[in-house]
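Because the structure is a prediction, the values reported are computed rather than measured. Letters A, B, ... mirror the listed sequences (proteins, then strands); counts begin at 1.
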Amino acid sequence: MTINRRELLGYSAAALGVAAVGLPQIAKAAAGELTIAYNVNLPSWDPTTGPSAVNPTIQGLYQSVFDQFIPQKPDLSFAPGLLTEWGWNDDRTKVMMTVREGVTWHDGSPFTPEDVVWSLQRAGDEKTGNPIQFVWKNVKNFKIDGNKITGDVVQFDPVYFKWMSFLTGYILPKAYYEKVGAEGFEKAPIGTGPYMVEKFERNAFLRLKANPTYWGGKPAFENVTIKFVTDAASRVAEIESGSSQVTLEIPYEEYDRLIAKDGLAGSCKNVSDIGMIFFNNKDAMLDKNVRQAAVMAVDKELLVKRLLRGYGQPIATLETPEYAAYDPSIKVEHNPEKAKELLAASGYSPKKPAKITIQTTKGFKPKDYEMVQAIVGMWRKVGIEATIEVYEIAKHYELRAAHKLAPAAFYNWGNAIGDPTTSTGFAMFGPSPHSSWKTDDLDAKIGPLWGEKDEAKRIAGWKAVDKYIAEQAYVLPVLQFAQPVVHAKGVKVVQHLSGALLPALMTPA
Amino acid sequence: MLLQRFLIRLLTMLITLFGVAVVVFVVIRVAPGDPIAMMLPPGATDADIARLRALYGLDKTIVQQFFIWLSGVVRGDFGTSISLRQDVLGLVFNRLPATLELAIVALLMAVALGGTTAIIGARERGTAVEAGIDIASGAALSIPDFLWGLVLILLFGVLVPIFDISGRVSPQLDLPFVTQFYLFESILRLRLDLTWDLLKHMLMPAVALALPLAAIISQLLKQSLKEVLDLDYVVLARVKGFSETQVILREALKNAALPTLTLVGVQFTFLIGGTVIVERLFSYEGLGNMAIDAVINRDLPLIQGIVLVFALLFVLINLAVDMMYALLNPRLRRG
């Protein structure tokens, strides 16, 4: 048989096409393999120092490799981990911890109480650059007795143990870190977590291998590849093409479309992130009537239903139902007519509106700009004319730290540990660099709660603060965000309400 | 004469780089977004903020900061990245090869595609074929590279999944490379399996970058060819019995290509600039992708390092084009 040149080219092209089309299918068929299209890059491997340490979006990656002092279950409740017991003495002058025995680091060396103490001391040392040093420095003089640790309280912080589940609350290997140094640790990090780092290409991918001796049981997937795909459209393509089996943080429209497709499923639970509008104590916002009208005019149910396709939940305070100080009895009514009356009492009307500026990001959170547009429309109907100013999130941080935000500014606030200090507290307490409303009346109510030793009294105190804030309309809480996760039907995904996507919580369906 | 021209260009290049350094340094410091404000922990006090400012050298005046940075640059120390906490120069040179490979492959594609369509268009001038090429060129030019990227992802990433949508190489593969020029090294090592994997990741972003440039090359070269094809020496070649294709390739192309060469040089710098968005879209681990992260994180030392290296690339390319043009153009060669 003879083949002419034209036929040869044709056959070659066909063979190449078939081979190429087949390759992705082969790649995804490997057993025990899981590929996740992740939405952010991982800048650094030390979860306790530098800007990465306080970046909530990468905590899921850290938690796959390192263990926190105290882990949180997917419902945000606290559970025994490397610390099996923890607490204070009666007068709150000492902390006590019990360390789990029989745990090993990824290099096979034993995990010891010295690792816990070293991690706490290092975190509390301002020279190491731990951004949460202001918490860790509150306990010193640790003593080890077998697998028990005690420490002296320098300044009582009721949230000390909760921070052990939060930003920078990770245990690192003392001997290994001291041997390889910061640079060596960055190149080859080890932890006690469910997965070991096999390969890491910055801005490209992370290959994880299951830790066979993990104290919590070996994870279901032997190999996990996490691709850093920062563009939402590309993540959609990754999951739709079968190149990845799990992805997250895609537009709700795409979520609905994808989960309707054969072979794909999804989960979209409310997580600990909220959307809110900071009020600043200046201009028209100094008028209580204007603030209350601005809150009452907003139909949050409509925003969730129309703009977010029903995903998310309206909130009345900065506490979501999962938080410790959530009080369902605090209600903020949607009442445009009453809003008009309040504004009229201050001399404003739709024809003679109160004029303010509202700042927002555009695309930083789902429908942030669109939500603000809708809110401005609702305000206009009652007599508030707001000019929208779009800025980048970096500008928001700069203005907020300098107390120069506009009278209203949209922002999202995460609070994975669900404590009121890390939501209402830091967002509303005047001296905090993250607050916008700074008045003495509110600070006087919040101030005593920081060191309150009676937990029940502390939580009740924060609920009272939330109620006061709602009455005074010092902030406009909008909604609790839902996090869309799309996955192949062959994978079962358990969503963690902190928003961390954890491969260890994924199993073959 | 050529040497003098080279030295003048070299001096201009240094002045340009200094200007870029000044502008970038000042602009990113007066632009909105304070890197310290972005990393403030919830309980940060004024003292904490001051400590962080001092740690990153941001407590000094812009002029002081500039000269500290410049003296470092002269010694080859571009500083330490705030977000990645690594040496900036190391980070940049680690990523630069990926971007260069992508840009070079895109350029080769653009030249091949644009050159071929230009020759065909010139040969078939006045026919429906030329009109078809003009329409295709218009479409390729009017759609920006990132949009081409999205179209390609949909076509060859989702509908017919031939190519990989994200990354530079499959994570499962073990790479034996000693340089960051993965593609070139895989070819030199005859590891064609790796070459294929790299190409599967690179082709879509490269095509997205190449299409607008191919259209420009096609239009300009075709026009130049059409002008040259009416000149006496070309007519003489036809009289000698050469076919139209031979006339174009042997006689017309050399002279017609000169203006295109200058344009390709200029456009290549734009193409490198285009990698920023395209790399992001395809999660390609190049310098452009890192630049976006640096901007988002307000990582001032890293932004400065990346911009300066991009600027250096641009001036070097322009210098190379200028020198090549002088070499190829007899009038300039003779001074």
Side-chain angles (χ1 to χ4, degrees), chain A residues 17 20-21 23-25 27 30 33 35 37 41 43-44 46 49-52 54 126 129 131-135 167 182 186 199 201-207 225 227-231 233-234 237-238 240-243 391-395 397-402 422 425-426 431-434, chain B residues 31-46 48-49 51-52 55 81-86 91 94-95 149-150 153-154 157-172 174 196 200 279-286 289-290 292-293 295-299:
Chain A
V21 169
L23 281 171
Q25 308 303 323
E33 288 271 347
T35 304
N41 285 311
S44 164
D46 187 339
T49 60
S52 305
V54 286
E126 68 173 33
I132 311 297
Q133 187 251 353
F134 70 97
V135 170
L167 305 171
E186 200 62 54
K199 205 169 165 188
E201 286 283 340
R202 204 181 297 280
N203 275 51
F205 62 83
L206 166 65
R207 283 273 290 170
T225 301
K227 294 182 185 176
F228 303 125
V229 186
T230 48
D231 185 78
S234 301
E238 277 280 332
E240 205 168 1
S241 67
S243 300
Y391 57 13
E392 279 186 81
I393 194 66
K395 180 70 178 171
Y397 290 128
E398 183 184 335
L399 293 174
R400 198 172 71 188
T422 41
F426 289 127
S432 161
H434 297 300
Chain B
D34 176 5
I36 300 301
M38 289 189 72
M39 63 176 85
L40 282 184
T45 61
D46 288 345
D48 293 330
I49 295 169
R51 186 169 52 81
L52 279 170
L55 184 70
S81 156
I82 293 174
S83 60
L84 305 177
R85 300 191 304 139
Q86 289 183 50
L91 285 166
N94 193 265
R95 291 298 189 80
L150 285 172
I153 285 175
L154 183 66
V158 177
L159 294 176
V160 187
I162 300 172
F163 301 121
D164 287 278
I165 296 160
S166 65
R168 188 183 178 200
V169 65
S170 294
Q172 294 85 352
D174 283 322
W196 171 234
K200 268 178 47 186
E279 282 184 358
R280 191 68 169 183
L281 186 63
F282 288 94
S283 304
Y284 187 86
E285 48 185 297
N289 201 350
M290 191 161 72
I292 292 181
D293 278 335
V295 171
I296 290 171
N297 295 320
R298 293 297 185 275
D299 193 334

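With a 4.5 angstrom heavy-atom cutoff, A:Ala237 touches chain B via backbone and side-chain atoms both. Using a 4.5 Å cut-off between heavy atoms, A:Glu126 touches chain B through backbone and side chain atoms alike. Looking at A:Ser234, both its backbone and its side chain come within 4.5 Å of chain B, counting heavy atoms on both sides. Both the backbone and the side chain of B:Ile82 come within contact range of chain A, judged by heavy atoms closer than 4.5 Å. Of the atoms belonging to B:Arg168, not a single heavy atom falls under 4.5 Å from chain A. Within the 4.5 angstrom heavy-atom criterion, atoms from both the backbone and the side chain of A:Glu238 approach chain B. Contacts of A:Thr230 with chain B are made by both backbone and side-chain atoms, with heavy-atom separations under 4.5 Å. Contacts between A:Arg400 and chain B at a heavy-atom distance below 4.5 Å are absent for every atom of the residue. For chain B, the nearby part of A:Phe228 is the backbone; its heavy atoms alone come within less than 4.5 Å.
A:Lys199 places a side-chain N or O within donor-acceptor distance of the main-chain N or O of B:Pro171, the cut-off being under 3.5 Å.
Ranked by heavy-atom pairs shorter than 4.5 Å toward chain B, the options A:Val229, A:Thr225, A:Leu399 are led by A:Val229. Options A:Ala37, A:Ala204, A:Ala402 differ in how many heavy-atom pairs under 4.5 Å they form with chain B, and the most are formed by A:Ala204. Contact tally against chain B (heavy-atom pairs below 4.5 Å) for A:Glu392, A:Glu240, A:Lys227: the top residue is A:Glu392.
With rounding to the nearest 0.5 angstrom, the CZ atom of A:Arg202 is 10.5 Å from the CG atom of B:Asp293. One finds the CD1 atom of B:Ile162 at 12.5 Å from the OG atom of A:Ser241 (value rounded to the nearest 0.5 Å). From B:Gln86, atom CD reaches atom CD of A:Glu186 across 5.5 Å, with rounding to the nearest 0.5 Å. Between the OG atom of B:Ser170 and the CZ atom of A:Phe205 there is a distance of 8.5 Å, given to the nearest 0.5 Å.
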Item to complete: Could you please spell out the steps behind the side chain to side chain donor-acceptor pair (under 3.5 Å) verdict for B:Arg95 and A:Asn203?
Response: CA-CA 10 Å; B:Arg95 291 298 189 80; A:Asn203 275 51; 3.3 Å; yes

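Judged as a salt bridge (Lys or Arg N to Asp or Glu O under 4.0 Å), and not counting sequence neighbours, A:Asp231 has no contacts. Contacts of A:Arg207 classified as salt bridge (Lys or Arg N to Asp or Glu O under 4.0 Å), with partners at least two apart in sequence or in another chain: A:Glu33, A:Glu198.
When all heavy atoms of B:Arg85 and A:Ser44 are compared, the closest pair comes out as NH2-OG, 3.2 Å. Contact record, A:Ser52 with B:Ser83: OG-O, 3.8 Å, taken as the closest heavy-atom pair.
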